[in-house]
Peer 1: 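Below you'll find the structure I mean.
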2 protein chains.
Amino acid sequence: MKRKSVTSRDVARLAGVSQSAVSRTFSPNAKVSESTRRKVMDASRELGYRPNTIARSLITRSSRTIAVVTYSMENPFYSFMLEKASRFFQAQGYHLLMFFAPPSGDFDAVLDDIIRSQVEGVLLLAITMNQRQAGLVDDFGIPVVIINRTVDYAGISQVGSDNFQGGYWAGRYLASLGHQRIGFLGGLPDSSTHQQREAGFLEGLLSLGQTCSVSEIGNYRYEDACQATRRLFSSSLPPDALFAANDLMALAAMEILRYEFALKVPGDVSIIGFDDVPMAAWPSHALTTVRQPVDMMIKKATELLMKQVAQEEMQPEHIILPVTPMLRGSTRMPSRQP
Amino acid sequence: MKRKSVTSRDVARLAGVSQSAVSRTFSPNAKVSESTRRKVMDASRELGYRPNTIARSLITRSSRTIAVVTYSMENPFYSFMLEKASRFFQAQGYHLLMFFAPPSGDFDAVLDDIIRSQVEGVLLLAITMNQRQAGLVDDFGIPVVIINRTVDYAGISQVGSDNFQGGYWAGRYLASLGHQRIGFLGGLPDSSTHQQREAGFLEGLLSLGQTCSVSEIGNYRYEDACQATRRLFSSSLPPDALFAANDLMALAAMEILRYEFALKVPGDVSIIGFDDVPMAAWPSHALTTVRQPVDMMIKKATELLMKQVAQEEMQPEHIILPVTPMLRGSTRMPSRQP
DNA sequence: GTGAAAGCGCTAACAA
DNA sequence: TTGTTAGCGCTTTCAC
């Protein structure tokens, strides 16, 4: 389909130099005389020559491509990360190749796809792998960095934030507010973030002698969280406070409570989320939440991946960044005894 | 860095067949005997062989890769499209290579990058090119589909929705509601969507004898729209209705009006947006807006691009899909005389 | 500094 | 059906 298919050979012929001289001219750190370079550049311009990245990749064994894998872009938290990561890699001459994982398993097929595509690294956004899969990628020597999930394999780097601490704060804070029936709106039950946030939450409640009254699963998705909230509050003894494992679900809960149950937030129910997506700060929502340092996370993850791509062997790192409670208007004021 | 670098040659040796037999085994429509296939597959499994996509691309001149270019993922409208498009292409064995355009010009560099990368097609999300750039891509025979922008070049396909009609409806509807000072919150002034929506809007107002009282620019971004709204309503004679060129800006305006100016929406000010992002339907916002058929847009665009990638020559198409007014709670009830 | 030559791993004739 | 052969467009020794 290419109308034009100008090769370095064509340029060489026109410029009256060898084909390797053309190659050198387009190689960052080659030695070419100024006169040769000019002849080559002139000929290139005339013919509209562009070096074929694929041919280069084949021989240099470097595709300058990173695979990004994720389940969904519904959560703005991840589309933000995608943009940040993409711009970072682009600045280094790398590009992101998108892989969306199918909702239902078959991650193996995606992995196979990734390996074949000769990417130099893999960035997993809120996706994990099992040991076998991790070992497979490792066998191929492809560095992997996982964001916001843990993996049961030593050879893979992870970047996340302190989910336990965030959950702990949420639990303790809600308890300190004097709430009596505190509920949990969970994410994906199998995810490490869900488990760590829940564990921290329970511990935080416990630290003030409270327990979790009731919980439901929202799968980190808006619609599922709406349903879960309806179940949670249809009981005869509904919660008076809720910790949602991410902001998207917390916002869903607020919508349902305010507009379907006619409950006041925070008057009747306090709500805490997790992530601190931009929307959480909108005055309509004013969501009290646990901020993840998303800029730092993506910075660490991309730098880590680049380092591992560049260097032969490198110790994988596990980075856990601190979270920050963001007190806003979705939790009642701390007036009672703490 | 690759620890493993198993080639088809290695597999051939172990399987006791020729290298091309291995190649055939991994080619979708090749003729290999069952016995050879089994020998090859066994050897492949043992060695962990994966065909090298890059080598294949070099010879078939088909990278099975599509470039996606966009400015930003801030608007969920586009992250949604990205996911849809990516899944569509993935299902056909294609993958998306991400290119984020720098905010300030220099699109030429990105284009150069794209051409070198040997993608088979380009999907522009809310990005346009000038004639020279379009001609350049065309020279290389790379098909391009533009979503949500127009381009002044016949050889490129476009998919969009009826921005003029949407704007027209917004203008006429606000006027019909009896509003007296109707304002416009514009997007990127140079964008075709901005211009078409504004033109339709003015025409719609005019159809009921109204004009646009005041307008500001929000660049399709949340923060800019907040600023623009502040300017718009700081005057002594502020608007009593507002048409924003997208939902993100309409939502920004609502936040500012309600929480900074203590104005009621729709009591004091009616607001209409454009796009119908999921958030617009959240009860907190209940944004009256003009729905773009995003599913259909991405379906048309991806199908069009695939067709052009597959076929040698194909007439570029200009597809304009109908929009749908979504009446919700951000506009006052039509009680007065229309 | 430059050109000739040898591949990178694979596909695609072609002949057997 | 199978193996042999010739490249895809480029980078990279290696003499000169």
Side-chain angles (χ1 to χ4, degrees), chain A residues 1-2 4-41 43-44 47-65 93 115-120 140-141, chain B residues 1-2 4-41 43-44 47-65 93 115-120 140-141:
Chain A
M1 158 117 222
K2 292 269 184 305
K4 245 182 187 170
S5 190
V6 182
T7 72
S8 57
R9 200 165 228 91
D10 301 327
V11 176
R13 201 171 305 130
L14 179 62
V17 297
S18 75
Q19 180 268 333
S20 37
V22 178
S23 171
R24 289 196 186 94
T25 305
F26 284 93
S27 293
N29 43 4
K31 320 82 101 25
V32 203
S33 70
E34 199 43 52
S35 73
T36 311
R37 151 165 265 111
R38 281 183 48 127
K39 279 189 282 186
V40 170
M41 290 313 271
S44 298
L47 297 175
Y49 170 71
R50 296 285 189 295
N52 183 326
T53 303
I54 293 194
R56 170 180 296 187
S57 295
L58 181 59
I59 188 163
T60 60
R61 317 172 116 48
S62 132
S63 61
R64 300 188 84 78
T65 285
I115 294 171
R116 288 172 188 239
S117 68
Q118 309 292 122
V119 296
E120 294 186 49
F140 280 89
Chain B
M1 160 114 223
K2 293 268 183 307
K4 246 182 186 169
S5 190
V6 183
T7 73
S8 56
R9 201 167 227 90
D10 301 327
V11 175
R13 201 172 306 130
L14 178 61
V17 296
S18 76
Q19 181 266 334
S20 40
V22 179
S23 171
R24 287 193 189 96
T25 305
F26 285 92
S27 294
N29 42 4
K31 319 82 98 29
V32 204
S33 69
E34 199 41 53
S35 73
T36 309
R37 151 164 265 112
R38 281 183 47 128
K39 280 189 283 186
V40 169
M41 289 315 270
S44 298
L47 297 176
Y49 170 69
R50 296 287 189 296
N52 183 327
T53 303
I54 293 192
R56 171 180 295 187
S57 296
L58 181 59
I59 187 162
T60 61
R61 316 172 115 51
S62 132
S63 61
R64 299 188 84 77
T65 286
I115 293 171
R116 289 173 189 238
S117 68
Q118 309 292 120
V119 294
E120 294 187 48
F140 280 89

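Chain A is the first sequence line, chain B the second, and so forth, proteins listed ahead of strands; every chain is numbered from 1.
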Peer 1: How many whole angstroms separate atom CD of B:Q118 from atom C1' of D:dC10?
Peer 2: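 To the nearest whole Å, that distance equals 11 Å.
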Peer 1: When you compare the side chain of A:R64 with that of A:S57, does any pair of heavy atoms fall below 4.5 Å?
Peer 2: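 No, side chains not in contact.
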Peer 1: Would a 4.5 Å heavy-atom cut-off, applied to side chains only, mark B:P51 and B:R56 as touching?
Peer 2: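 They are in side-chain contact.
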Peer 1: Nearest whole angstrom, please: distance from the P of D:dT13 to the CG of A:N29.
Peer 2: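 Distance, rounded to whole Å: 12 Å.
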Peer 1: Can you identify which nucleotide, out of C:dC10, C:dA12, D:dC10, has its nearest atom closest to the B:T60 side chain?
Peer 2: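 Comparing C:dC10, C:dA12, D:dC10 against the side chain of B:T60, the answer is C:dA12.
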Peer 1: Counting side-chain heavy atoms from C-beta on, which of C:dT11, D:dT1, D:dC10 comes nearest to B:R56?
Peer 2: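 That would be C:dT11.
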Peer 1: Side chains of A:Q118 and B:N52: closer than 4.5 Å at any heavy-atom pair?
Peer 2: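 The answer is yes; the side chains approach within 4.5 Å.
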Peer 1: Could you state the atom-to-atom distance from CD1 of A:I54 to C1' of C:dC10 in whole Å?
Peer 2: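 My rounded result for the distance is 12 Å.
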Peer 1: Whole-Å distance between D:dT11 P and B:R116 CZ?
Peer 2: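 The distance from CZ of B:R116 to P of D:dT11 comes to 10 Å, rounded to the nearest Å.
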Peer 1: For the pair made of CZ in B:R9 and P in C:dC10, what is the distance, rounded to whole Å?
Peer 2: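 Whole-Å distance recorded here is 10 Å.
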Peer 1: What's the CZ-P distance between B:R13 and D:dG3, to the nearest Å?
Peer 2: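 These atoms are roughly 14 Å apart.
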Peer 1: Below 3.5 Å between N/O atoms, which protein atoms pair up with nucleotides 3-7 of chain C? Just atom names and distances, please.
Peer 2:
from  : atom 1 : to    : atom 2 : distance (Å)
C:dG3 : OP2    : A:S18 : N      : 3.1
C:dG3 : OP2    : A:S18 : OG     : 3.0
C:dG3 : N7     : A:S20 : OG     : 3.4
C:dG3 : N7     : A:R24 : NH1    : 3.2
C:dG3 : N7     : A:R24 : NH2    : 3.4
C:dG3 : O6     : A:R24 : NH2    : 2.3
C:dA4 : N6     : A:S20 : OG     : 3.3

Peer 1: Closer than 3.5 angstrom, by distance alone: can the side chain of A:T25 be matched with the main-chain N or O of A:V40 as a donor-acceptor pair?
Peer 2: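 Pair absent, no side-chain N/O of A:T25 close to backbone of A:V40.
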Peer 1: OP1 or OP2 of D:dT11 sitting under 4.0 Å from any side-chain N/O of A:S23?
Peer 2: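 Checking D:dT11 against A:S23, a side-chain N or O does come within under 4.0 Å of OP1 or OP2.
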Peer 1: Answer yes or no: does a side-chain N or O of B:S57 lie under 4.0 Å from OP1 or OP2 of C:dC10?
Peer 2: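 Indeed not, no polar side-chain atom of B:S57 lies that close.
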Peer 1: What is the separation between atom CG on B:L58 and atom P on C:dA12, rounded to the nearest whole Å?
Peer 2: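 It is 12 Å, rounded to the nearest whole Å.
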Peer 1: Will you find, in the side chains of B:S8 and B:Q19, an N or O donor that is under 3.5 Å from an N or O acceptor?
Peer 2: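 Looking only at side-chain atoms, B:Q19 and B:S8 do form a donor-acceptor pair, the distance falling under 3.5 Å.
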Peer 1: How many Å lie between CD on A:E34 and C1' on C:dT2, as a whole number?
Peer 2: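 Distance, rounded to whole Å: 16 Å.
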Peer 1: Quick check for you: among D:dT2, C:dT11, D:dC10, whose closest atom lies nearest to any side-chain atom of B:S27?
Peer 2: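 The listed nucleotide nearest to B:S27's side chain is C:dT11.
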Peer 1: Please confirm whether the backbone N or O of A:A21 pairs with a side-chain atom of A:S18, one donor and one acceptor, at under 3.5 Å?
Peer 2: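 Yes: the side chain of A:S18 pairs with the backbone of A:A21.
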Peer 1: Taking all atoms of both residues into account, what is the closest heavy-atom pair of A:I115 and B:R50, and its distance?
Peer 2: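 It is CG2-CG, 3.6 Å.
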